[in-house]
Amino acid sequence: MQALGLVWRDVDFISSDCDEYWMPKEAPSHSGAELAYQNWRDKHDSGGFVVGRDLPSRALAGVLRNLAIYEPVGDDFRMRVAGTGLVRRYGCEVTGLLLSQLYEPQAFKRQRENMERVQQGEALFADVRVTRGARLQLHYEALQLPVRSPDLSQAWVLGGFFYHDWAR
């Protein structure tokens, strides 16, 4: 696939010939991740961040392309909404897909465990590097934040991928 002069693989970027390394962080450092986290924090401290009420929002307009909303579906998570920046990570449009469709079993298990921690109220930040052989394919900062479903009945996850070679 080619878009805006950038070329991605035709299908799943997460494949057996790629390795993904997550290094946990204490707090975000990418300007886009800091913006998303601060907005989430402000809403969280004043009653909670609710999908449909607090997102989309004008305050997050500059980073919407980097964000995704994950809805729990049994033992999996569906990408309810995924910004266009996630195409770069996955190599295809991922809105509506399950995480289990994007990751091989071992990587999916780790992703699901992280999502479950976030559902319990933990905010996660990581420096992520995706490599193929010895070659760096992508480098980005990831964040995963607990949010509430539109009807307030479920804990969902707000995720973001903030590439180190993209400015806010």
Side-chain angles (χ1 to χ4, degrees), residues 1-25 28-37 39-40 51 55-57 60-119 123-147 149 156-168:
M1 174 206 302
Q2 182 172 354
L4 301 175
L6 300 173
V7 177
W8 293 289
R9 297 177 74 187
D10 289 331
V11 289
D12 187 12
F13 195 77
I14 309 299
S15 61
S16 59
D17 64 341
C18 287
D19 292 307
E20 184 178 65
Y21 301 98
W22 283 61
M23 299 298 298
K25 298 176 68 160
S29 59
H30 186 284
S31 61
E34 287 175 332
L35 174 72
Y37 178 63
N39 185 272
W40 173 85
V51 173
L55 186 72
S57 77
L60 293 173
V63 296
L64 287 176
R65 70 180 178 185
N66 301 88
L67 301 178
I69 299 292
Y70 302 88
E71 174 188 16
V73 178
D75 289 337
D76 208 338
F77 289 84
R78 180 173 310 285
M79 302 267 247
R80 280 289 293 246
V81 177
T84 58
L86 278 73
V87 169
R88 183 175 183 194
R89 173 64 184 97
Y90 295 108
C92 62
E93 170 60 46
V94 294
T95 299
L97 297 180
L98 296 169
L99 280 182
S100 61
Q101 294 173 294
L102 296 170
Y103 291 92
E104 294 193 1
Q106 190 63 24
F108 166 68
K109 180 181 176 195
R110 183 176 39 91
Q111 290 293 333
R112 187 183 67 228
E113 289 169 355
N114 284 345
M115 293 289 192
E116 290 169 348
R117 288 173 51 198
V118 173
Q119 283 186 292
L124 298 179
F125 312 99
D127 183 70
V128 183
R129 293 171 189 263
V130 178
T131 63
R132 179 174 288 120
R135 184 167 180 213
L136 181 65
Q137 298 291 310
L138 285 176
H139 182 205
Y140 61 91
E141 186 169 310
L143 63 79
Q144 295 173 323
L145 305 168
V147 297
S149 64
W156 286 7
V157 176
L158 171 64
F161 292 1
F162 300 91
Y163 303 100
H164 285 288
D165 58 348
W166 281 7
R168 180 171 65 144

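Note: hydrogens, waters and symmetry copies are ignored here, and every other heavy atom, side chains too, is used.
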Point to revise | Check: Val63 and Leu67 side chains under 4.5 Å, non-hydrogen atoms | key: yes

message: Assess whether a salt bridge exists between Arg89 and Glu20, defined as any Lys/Arg side-chain N lying under 4.0 Å from an Asp/Glu carboxylate O.
response: yes

**Study point:** Salt-bridge contact Arg88-Asp165 (side-chain N to carboxylate O under 4.0 Å)
**Key:** yes

Problem set entry | Polar side chain donor-acceptor pair, His139 to Asp127, under 3.5 angstrom | yes

**Asked** Distance only, no hydrogens: is a donor on one side chain within 3.5 Å (strictly under) of an acceptor on the other, for Arg78 and Tyr70?
**Response** no

Determine yes or no for a side-chain-to-main-chain donor-acceptor pair under 3.5 angstrom, with [X] supplying the side chain and [Y] the backbone.
{"X": "Glu93", "Y": "Thr95", "value": "yes"}
{"X": "Thr84", "Y": "Arg65", "value": "no"}
{"X": "Glu141", "Y": "His30", "value": "yes"}
{"X": "Trp22", "Y": "Arg110", "value": "no"}

Margin query: Counting neighbours of CD on Glu113 that are heavy atoms of other residues, nucleotides or ligands and sit closer than 6.0 Å, is the number greater than 12?
Written below: yes

- Is there a side-chain hydrogen bond (donor to acceptor under 3.5 Å, both in side chains) between Glu34 and Ser29 once you walk through the steps? CA-CA 6 Å; Glu34 287 175 332; Ser29 59; over 6 Å; no

So CD1 of Ile69 and CZ of Phe77: to nearest 0.5 Å the spacing works out to 12.5 Å

*Are Phe161 and Tyr140 close enough that their ring centers fall under 6.0 Å?*
yes

